[in-house]
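Written below as C-alpha cells is the structure these notes are about.
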Amino acid sequence: MKPIILLLLAVFATEASAQPMAAAAGRALPRAELEVGTVRVRVFNGAMDKILTDHEVKLVAAAKDRQPLVVKTNKEARAFFRGVDPGTKWFALVEKDGQKAQSEVFEIPTSGGIALFLSPTPFAGQRTQTQAAPPPRREVHVTITRQSTGPVADQDVHLLQMSHTGDTTLVTSKTDRQGIAKFGGLSLSPRFSYIAYCNLLGLGDGETRYDRLQSQPFSMPLQTGVALTFEGSAFGERDMLTSFHAKPKPGTVLLGLYDPSGTGQPGTTELVDLRTKKVVQKIETQASVAASADEIIATTTQQATKASDGVPAGKISVSAIRALGPQQSAPIGGTLVSISGAGKGIKSTGPQGTISYDSLSPGTYQLEINVKGKIIEESVTLTGDNSVTVTVVAQWTNISGARFPLSADARAPQIYLARYTSTNGTFYSTPFFHVPNHGSPVGVVVGKQLMFGWQYEVSMDDEYMGFQGNLTMSNPGAFPYQENEDGVLIPFSNGFIGGQIPEELSKQASVIPTKGLLWRDAVPPGQHRIRLVFSHKIVDGGFDFSQPLPWGAMEYGVIVVARPGMKIKVGAETVKLLPPELQSAIGAKATFEDKHFKSLPQVDSKYVAFKMTRVGAPATIDLDFSGLPARPAYQKYARWLVGGLVILFLIWIASVLWKASRNPIQDDKGTLFESLVALEKKRQADKLEEEAYQKQTNAIREKLKVIYETEGNGA
C-alpha cells in the first residue's frame with residue numbers, strides 16, 4: 001500500500017506545481033547570479049519532468065537590424081546565450097511539432113543576466129503566459145527547487161551583506177511552502193552588495209550529499225527587488241561554485257591569483273573566517289602569470305546561425321578566451337586550431353583570440369584546440385545552411401601551491417574570504433561557503449579594483465571632431481569600491497568640449513568641465529557601461545588628443561571615419577593597428593611606418609581603426625590628428641567682418657529710435673497742432689470770438705514757422 005500512496009502524492013505534487021509553472025512560462029526575470037549579457041533559457045515539454053535536450057532555441061531581437069541567435073539546449077535542457085549587448089531588447093522562441101512558445105520582450109540588464117523557461121506544449125491548466133509581479137523594492141526572494149521534485153520548503157538560505165569598508169553581515173531565512181526565502185529592508189545604496197547562499201541536502205544512493213548553491217555578487221536596483229532561483233540536483237551533487245572552475249579535492253581551498261598586468265608578485269595570502277573575523281590560515285605565494293597544461297581547465301560552447309538569418313553558411317569560427325576573474329576575461333592569442341573531416345588545416349588565433357574556416361562543405365568536422373598545451377576536442381556539424389561558432393573559455397587553476405586544508409561542518413554556515421597582500425596593495429576574493437563533500441576554488445584578481453575599457457567612434461562635423469562611444473567600468477570584486485568621499489574621477493582627453501552622458505545617469509555621475517566623468521559614491525560589483533559624447537576643436541586642420549589612463553585599460557579602441565588627406569600620429573608604442581583580417585572586416589585601410597600612422601585612407605576608404613588590450617597603469621594615449629579640412633583664412637575674417645557690420649547696423653537703428661523718442665521739436669509740433677484743432681472747435685461751437693481766434697492762431701503759426709525753419713537748416 002505504501003508505494004501506491006507515494007505514487008499518489010507524486011501525482012498531486014506534479015499537478016500542484018503545474019499551475020505556478022504555467023503562470024511563469026515565458027516570463028523573463030533578472031538573475032544576479034548570471035554574468036552580464038547572458039540569457040539562459042530552459043525548455044520543458046508540458047511538464048517539469050519532461051525536458052527537451054539538444055533542442056533549438058532562438059533569441060530574436062526586437063530591432064530588425066540584428067540577426068537572431070540560435071543555440072541548442074544542453075543535457076539539462078538549458079540554452080545559454082552569452083555576450084548579448086546590455087540595453088538591447090529580445091524575446092526567446094522555441095518550436096516543436098508545429099507548436100510555438102514565445103517569451104515576453106525583455107531588455108538585457110547592465111548587471112546580471114536573464115533567465116526564463118518555455119514549453120512548446122502547454123502545461124496542465126496553462127491558458128496564458130501571465131506575468132507574476134517582481135519582488136518589492138528592498139527585497140530579495142530566493143527560490144530553492146530540486147530537479148523533478150520541485151520547490152524545497154523549510155530550507156536555510158543565507159544572505160551576506162558586504163559594505164565598501166569591508167564589513168560583512170550574514171542573515172538567514174527559511175523557505176516557505178513555495179520554496180521561497182524572503183529578505184527585506186535591504187539597502188539601495190551602492191555602498192552595499194549582496195551574495196545569496198544555500199547548502200542544500202542532496203538526494204543520493206544512501207550517501208549524504210550536499211548541493212552548494214550561490215549567486216554572483218549583486219547590488220539592489222532602485223525600482224524593484226531581486227529574484228534568484230537555485231536548483232539542486234535530482235540525484236548526486238550540484239555545485240555552482242565549481243561550474244566553471246577547477247574542482248579541488250573535498251576539504252581543500254584552491255587559491256588562484258590572477259594578474260591581468262602580466263607580472264608575478266610575491267605576497268601573503270590569508271584565509272579569513274567572516275563569522276569570527278579571524279585569520280584561520282596564512283601562506284606565502286605569488287600571482288600566477290602562466291600555466292602548464294595540467295593547470296588549465298576549459299569549457300566549450302557552440303552557437304549555430306542559419307544562413308536564412310543573413311549569415312553565410314559553411315563557416316566554423318573559434319574564439320579562445322581566458323577567464324581572469326569574476327566577469328573579466330582576455331583573448332588568448334597563439335591558440336592552435338586544427339580541423340579534420342571534409343577538409344583539413346591548422347590555424348593560430350591572433351591577438352583577438354579568434355580564427356575561422358570559411359566555405360566548408362556540409363559534414364561533420366573534428367576540431368583540436370590547443371590552449372597552452374591543453375588539448376580540447378570538439379565535434380562540429382555543418383548542415384549546408386548554417387555556420388557554427390565555438391567558444392573556448394579557459395582558466396589557469398594556478399597554481400603555485402596555494403592550497404588550504406579545511407574541514408566543513410554541515411550544521412553551521414562556514415563562510416570565508418581570501419585576502420592577498422603584496423607591495424601593490426591588498427586584494428580580496430569573493431566570499432564563499434565551504435561545505436561538506438566539496439572543495440572550494442577561489443580566485444583573487446591582483447591589481448586595481450576598478451578596470452576600464454574605452455571604445456570611441458570619431459567623425460568630423462564642421463570645425464569639430466566628435467567622439468562618441470562607450471566607457472566600460474568594471475568592479476571585478478564582490479565588495480563595492482569607493483575611491484574617496486567625492487567618488488571616482490575618470491579623466492577624458494585634455495581639452496575636450498561639451499561632454500555628455502545619458503540623462504538616466506545624472507544621479508550617479510556627471511561631467512566635470514576640463515576634467516572628465518565624476519562617478520559619485522561607491523562603484524557596485526559588475527560592469528557599468530556609460531555612453532559618452534564630447535568634441536575637440538579643430539585648429540589649422542588638426543588637434544592633439546591626449547587621454548590619461550590612471551588605472552590603465554582592459555582594452556582601448558578608436559575607429560575614425562576617414563577624411564581625404566587626414567593623418568594620425570600615434571604617440572608611444574602601446575597603440576597598434578588592428579590585425580589585417582579585422583581591418584578588412586570593417587573596411588579599414590592604412591599604412592604603418594616608423595611606429596606612426598602616416599598616409600591614411602584614400603577617399604573610397606571608410607575607417608581606420610586602432611586597438612589594444614591591457615594598457616598598463618598609469619598610461620597616456622596620444623593621437624596627433626593633422627591634414628583635416630580647414631576653412632580658408634579669408635572665411636574666418638569674412639565671418640568677423642559680417643558680424644561687425646551687423647552689430648554696427650543694430651547700434652545705428654537703436655540710436656535713431658532713441659533720438660526719435662527723445663526729440664523735443666517733434667513734441668512741440670504735435671502740441672501746437674493740437675492747439676490749432678482745439679481753437680477751431682471752439683470757434684465752430686461759438687465759444688470763441690473771431691478776433692480772439694485770429695490772434696491766437698496767428699501766434700501758433702509763427703511758432704510753427706520757426707520750428708520748420710530750424711529743421712530746414714539741419715539743426
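Residues: numbered from 1 along the sequence shown. These numbers come from a predicted model, not from an experiment.
- Minimum heavy-atom separation, Ser215 to Ile195: O-CG2, 3.5 Å.
- The residue from Leu160, Leu186, Val140 that alone fulfils the side-chain contact (heavy atoms from CB on, under 4.5 Å) condition with Tyr194 is Leu186.
- Using modelled atom types, no side-chain atom of Asp211 and backbone atom of Gly232 make a donor-acceptor pair closer than 3.5 Å.
- The side-chain contact (heavy atoms from CB on, under 4.5 Å) test with Phe81 singles out one residue from Thr38, Ile114, Val70, Val41, and that residue is Val41.
- The CG atom of Asn370 sits 7.5 Å away from the CD1 atom of Ile376 when rounded to the nearest 0.5 Å.
- Between Tyr456 and Phe534, the closest side-chain pair of non-hydrogen atoms falls below 4.5 Å.
- Separation of atoms CD1 (Ile51) and CG (Asn45) is listed at 10.5 Å; rounding is to 0.5 Å.
- Heavy atoms only, all atoms of each residue included: Arg138 and Ser187 are closest at NH1-CA, 4.2 Å.
- Rounding to the nearest 0.5 Å places CZ of Phe479 at 11.0 Å from CG of Asn475.
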Apply side-chain contact (heavy atoms from CB on, under 4.5 Å) to Phe218 and Val226, showing your working.
-> CA-CA 9 Å; Phe218 63 92; Val226 172; 4.1 Å; yes
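- Scanning all heavy atoms of the two residues, the minimum distance from Val392 to Ala298 falls at CG1-CB, 4.2 Å.
- Side-chain contact between Leu517 and Ile530 is present, with at least one heavy-atom pair separated by less than 4.5 Å.
- Nearest heavy-atom pair across Gly113 and Pro109 is O-CG, 3.9 Å.
- Ring geometry for Tyr556 versus Trp454: interplanar angle of 30 to 60°, hence tilted.
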Apply the test ring pair (Phe, Tyr, Trp, His ring centres under 6.0 Å) to residues Tyr428 and Tyr481: give CA-CA distance (whole Å), side-chain angles for both, the deciding distance (0.1 Å), then the verdict.
-> CA-CA 12 Å; Tyr428 301 90; Tyr481 175 80; over 10 Å; no
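- Proximity of a side-chain donor or acceptor of Thr73 to a complementary backbone N or O of His55 within less than 3.5 Å is detected.
- Not a single donor-acceptor pair under 3.5 Å links the side chain of Asn470 to the backbone N or O of Thr472.
- Closest of all the heavy-atom pairs between Phe106 and Ala92 is CE2-N, 4.1 Å.
- In terms of heavy atoms, Pro362 sits closest to Thr383 at CB-C, 4.0 Å.
- Listed by chain and number, the residues in a side chain to side chain contact (heavy atoms under 4.5 Å, CB included) with Asp358 are Lys315, Ser356 (sequence neighbours excluded).
- Separating the NZ atom in Lys100 from the CD atom in Glu95 is a distance of 5.0 Å, to the nearest 0.5 Å.
- Annotation: ring-ring contact (aromatic ring centres under 6.0 Å, His included) contacts of Phe452 (sequence neighbours excluded): Trp551.
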Audit row: Gln500, Leu532, side-chain contact (heavy atoms from CB on, under 4.5 Å) steps and yes/no = CA-CA 6 Å; Gln500 295 181 359; Leu532 306 175; over 6 Å; no
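- Arg42 pairs by the salt bridge (charged side-chain N to carboxylate O under 4.0 Å, His left out) definition with Glu231, not counting sequence neighbours.
- Considering only heavy atoms from C-beta on, Thr349 stays 4.5 Å or farther from Thr354 through its side chain.
- Lys96 has its side chain within reach of Leu52: a pair of non-hydrogen atoms, C-beta onward, lies under 4.5 Å apart.
- Here Ser510 pairs with Arg520 under the side chain to side chain donor-acceptor pair (under 3.5 Å) rule; sequence neighbours left out.
- Side chain of Tyr357 to backbone of Lys347: a donor-acceptor contact under 3.5 angstrom is found.
- With sequence neighbours left out, Phe183 forms a ring-ring contact (aromatic ring centres under 6.0 Å, His included) with no residue at all.
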Could you go step by step and tell me if Gln468 and Arg531 meet the side-chain contact (heavy atoms from CB on, under 4.5 Å) rule?
-> CA-CA 7 Å; Gln468 60 178 336; Arg531 188 71 178 170; 3.6 Å; yes
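- Side-chain atoms of Ser474 do not come within 3.5 Å of backbone N or O of Pro476 as any donor-acceptor pair.
- One finds the CD1 atom of Ile144 at 4.0 Å from the SG atom of Cys198 (value rounded to the nearest 0.5 Å).
- Between Met162 and Pro431 there is a side-chain heavy-atom pair separated by less than 4.5 Å.
- Every residue two or more places apart in sequence or in another chain that forms a side chain to side chain donor-acceptor pair (under 3.5 Å) with Gln302 is listed here: Glu378.
- Side-chain contact between Phe44 and Leu118: absent, with no pair of heavy atoms (C-beta onward) separated by less than 4.5 Å.
- Residues that satisfy the ring-ring contact (aromatic ring centres under 6.0 Å, His included) test with Phe433, not counting sequence neighbours, are His158, Tyr197.
- For Glu368, there are no salt bridge (charged side-chain N to carboxylate O under 4.0 Å, His left out) partners, not counting sequence neighbours.
- Taking the side chain as every heavy atom from C-beta outward, Leu228 and His141 never approach each other to under 4.5 Å.
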Should Gln303 and Val388 be marked as a side-chain contact (heavy atoms from CB on, under 4.5 Å) after you check the CA-CA gap, both sets of side-chain angles, and the distance that decides it?
-> CA-CA 6 Å; Gln303 180 172 305; Val388 176; over 6 Å; no
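- Under a 3.5 Å cut-off, the side chain of Thr53 and the backbone N or O of Asn74 do not form any donor-acceptor pair.
- A search for salt bridge (charged side-chain N to carboxylate O under 4.0 Å, His left out) contacts involving Glu139 returns nothing, not counting sequence neighbours.
- Glu76 is linked by a side chain to side chain donor-acceptor pair (under 3.5 Å) to Arg78, counting only residues two or more places apart in sequence or in another chain.
- Scanning for side chain to side chain donor-acceptor pair (under 3.5 Å) contacts around Asp85 gives Arg66, with sequence neighbours left out.
- Ile369 contributes atom CD1, which lies 7.0 Å from atom OG1 of Thr300 (distance to the nearest 0.5 angstrom).
- Judged by distance alone, the side chain of Ser193 and the main-chain N or O of Ala478 form a donor-acceptor pair under 3.5 Å.
- Residues Pro190 and Pro480 fail the side-chain proximity criterion, which asks for heavy atoms closer than 4.5 Å.
- Annotation: ring-ring contact (aromatic ring centres under 6.0 Å, His included) contacts of Trp519 (sequence neighbours excluded): His528.
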